[in-house]
Participant: 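A single structure is presented below for examination.
Just so you know, these numbers use all the heavy atoms, side chains as well, and skip hydrogens, waters and symmetry mates.
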Amino acid sequence: MIFLVALLLLVAYVYYYLTRNFNYWNKRQIVGPKPIPFFGNIQDVAFFRLTQAECLQKIYQNYKGEKYVGMFQLSTPTLLLLEPEIIKQILVKDFQHFTDRGHHYDGEREPLTANLVNLEGTKWRILRHKLTPTFSSGKIKNMMHLLHDCGKQLLQYLQDNMKNSNEMEIEMREFTAKFTTDVIGSCAFGLHFNSMSKESSDFRRMGREVLQPSKISALSKLVRVFFPALFKILNLRTFPKEVNDFFLSMVSETLKHRRTHNIHREDFLQMLADLRETKDHTNPESDQDFEVDLSDNLIAAQAFVFFLAGFETSSTTLSFCLHELAVNKEIQQNVYEEIKTTVEKNGTTLTYESLKDLVLLEQCLYETMRKYPPVQALARICTKSYQIPETSVTIDEGTAVLIPVYALHHDEKYYENPETFDPQRFSKENMNQRQFGIYLPFGDGPRICIGKRFALLEMKLALATFLYKYEINVCSKTRHPLPLDPRAFILAPRDGIWLKIHPRTNSCQL
């Protein structure tokens, strides 16, 4: 009897704890869906029935006409922003009230989590200021020869695997992930992974370890976001310990080797190492204590997040784009003609300048990121109490804010026939007329993706290199429309992307 009473009291306390905030939005007279005990409004995400993108889209569609909606992520009150003008206020105009993403990190127990994506406040501002020049057009242009080498490996891989056949069915996500892994390895670490020909490439294996969709990893991330204290008590990890040890050791040994042998390379790791040796006199917030803190571990954390963001989001976008081009053959043919014209005009080597001529190809990438934005929603935390302009609503310090990127990208109010793949949405004329806040694949404002320019260059070169030599078609394994994987960290297809490729007959060597 005592045990049963204790159990009932425990259940009652847990119920109270998880529902104690459920009047939060009612008190503020903000509309929103009724929360469910223990899950709030994300039960479909918690049970892996829907992706975060699809879950937020359902709420978005049920409250059209509202500027914002009060919802709950488990028991956490969250303001879902629906109005582009308010999104602009939050991301840009009043950014000083929303500087942080609210992603928990532990620089001591999990050094790789102390990266630019997760860092907050002054540390983030100083590091962002320092790293921004490393992604300048000049720095990226100097990496073109490294990108070309990776493109050659991609073509060689296909040639080697198609010696005895004129066509091949291939799973595109894995194929493009190998390419982008090699790109990041070369441009970030100065290392040649050769993931295309080596199935056992350590870096490709580490990428799979981190981002392989699973219910266990998804649940662990939920605990990390909403119950950070429990996450630490249970000794859960954001990334497998093997991954953590591998990157810390690799970066430390590489930096030591370069210092010992006076080696200097044009890669991201070298730029980070150079920052440690250079005092920043242009940023008034840059203090000596933080300069000293730019340790090997902190450098490893920045290199690691560049590795993750650079290979996974880019490879997923590339595979989605190839899928749409295989389904929309007329668009694919027009893209090929544009590439062919550019090659004939500028020579067989696609230069940094000649890639700018591939306007339609770039539009296809933009349209792919509209239809399949890698980041499903943008998260912010209110760091200073904020009153939404022209309303009586005050967002309290510490309140979570979400911007439903996928839902905005699929709103027929902004994009006619949103499920149709239409690159002309991103013609110069249409882009000039588009309002702020309805296209956010890279985020926006001061926390916009720092690697946007590099990612676009990498993807354009990969597609141009591939499509100039190969035609892509649907096959018996192709699924359209593509079902999305609720277990995946970023927007990803559930069963991969299978396509059939065969060589073009009239393409000279790039």
Participant: Counting distance only, does the side-chain N/O of Asn118 pair as donor-acceptor with the main-chain N or O of Ala114 below 3.5 Å?
Facilitator: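 It does not hold such a pair.
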Participant: For a 4.5 angstrom cut-off between non-hydrogen side-chain atoms, does Gln332 reach Glu471?
Facilitator: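 Yes; the side chains approach each other to less than 4.5 Å.
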Participant: Distance check, rounded to the nearest 0.5 Å: Asp94 atom CG versus Lys88 atom NZ?
Facilitator: 11.5 Å
Participant: Given 3.5 Å as the limit, does a donor-acceptor pair link the side chain of Ser75 with the main chain of Gln73, or not?
Facilitator: no
Participant: Is there side-chain contact between Ser385 and Ile395, with at least one heavy-atom pair below 4.5 Å?
Facilitator: no
Participant: Taking the six-membered ring for Trp, are the ring centroids of Tyr439 and Tyr415 within less than 6.0 Å of each other?
Facilitator: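 Between Tyr439 and Tyr415, the centre distance exceeds or equals 6.0 Å.
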Participant: Has Arg28 got its NZ or CZ under 6.0 Å from the middle of the six-membered ring of Tyr24, at an angle within 45 degrees of the ring axis?
Facilitator: yes
Participant: Can Asn430 and Ser427 be counted as having a side-chain donor-acceptor contact under 3.5 angstrom?
Facilitator: yes
Participant: Give the minimum heavy-atom separation between Phe39 and Ala46, together with the two atoms involved.
Facilitator: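 Of all heavy-atom pairs spanning Phe39 and Ala46, the closest is CD2-CB, 3.8 Å.
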Participant: Is it the case that Glu110 and Thr238 place a side-chain donor and acceptor less than 3.5 Å from each other?
Facilitator: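 Per modelled atom types, Glu110 and Thr238 side chains form a pair under 3.5 Å.
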Participant: Report yes if some heavy atom in the side chain of Val375 is under 4.5 Å from a heavy atom in the side chain of Val405; otherwise report no.
Facilitator: no
Participant: Answer whether the closest heavy-atom distance between the side chains of Pro240 and Val243 falls below 4.5 Å.
Facilitator: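 Yes - at least one pair of side-chain heavy atoms lies under 4.5 Å apart.
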Participant: If we ignore angles and hydrogens, is there a donor and acceptor under 3.5 Å between the side chains of Lys34 and Asn41?
Facilitator: no
Participant: Does either side chain, that of Glu419 or that of His410, offer a donor lying less than 3.5 Å from an acceptor on the other one?
Facilitator: yes
Participant: Scan side-chain atoms only and decide if Ser315 and Arg173 contain a donor-acceptor pair under the 3.5 Å cut-off.
Facilitator: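 The answer is no; no qualifying pair exists.
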Participant: Measure from the ring center of Phe268 to the ring center of Phe306 and say whether it is less than 6.0 Å.
Facilitator: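 For Phe268 and Phe306, the ring centres are under 6.0 Å apart.
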Participant: Between Tyr68 and Tyr63, is the ring centre distance below 6.0 Å?
Facilitator: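 Centroid distance Tyr68-Tyr63: not below 6.0 Å, so no.
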Participant: Are Phe307 and Phe247 an aromatic pair by the rule of ring centers under 6.0 Å?
Facilitator: yes
Participant: Can you name the nearest heavy-atom pair linking Leu482 to Gly496, along with the distance?
Facilitator: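 So the two residues come closest at CD2-O, 4.3 Å.
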Participant: With a sphere of 6.0 Å drawn around NZ of Lys329, does it hold more than 12 non-hydrogen atoms of other residues, nucleotides or ligands?
Facilitator: yes
Participant: Taking the ring centre of each residue, are Phe231 and His104 less than 6.0 Å apart?
Facilitator: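 Here the rings of His104 and Phe231 have centres that are no less than 6.0 Å from each other.
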Participant: Is it the case that the ring center of Trp124 lies less than 6.0 angstrom away from the ring center of Tyr105?
Facilitator: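 That pair fails the under 6.0 Å test.
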Participant: So, taking the atom named CG in Leu56 and the one named CG in Leu50, what distance separates them when rounded to the nearest 0.5 Å?
Facilitator: 10.0 Å
Participant: When the ring centroid of Phe304 is compared with that of Phe246, is the distance short of 6.0 Å?
Facilitator: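 Between Phe304 and Phe246, the centre distance exceeds or equals 6.0 Å.
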Participant: Would you say CD of Glu412 has more than 12 non-hydrogen atoms from neighbouring residues, nucleotides or ligands within 6.0 angstrom?
Facilitator: no
Participant: Please report the shortest heavy-atom distance between Gln302 and Leu116, naming the atom on each side.
Facilitator: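 Gln302 and Leu116 have their closest heavy atoms at OE1-N, 2.8 Å.
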Participant: State, yes or no, whether a side-chain contact exists between Asp100 and Arg447 at a heavy-atom distance under 4.5 Å.
Facilitator: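 They are in contact (side-chain heavy atoms under 4.5 Å apart), so the answer is yes.
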Participant: Contact between Asn62 and Pro33 at the side-chain level, heavy atoms closer than 4.5 Å - yes or no?
Facilitator: no
Participant: Nearest 0.5 Å, please: how far is CZ in Phe320 from OG1 in Thr176?
Facilitator: 10.0 Å
Participant: Output yes when Asp411 and Lys413 qualify as a salt bridge under the 4.0 Å nitrogen-oxygen rule, no when they do not.
Facilitator: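 Answer for the salt bridge query: no.
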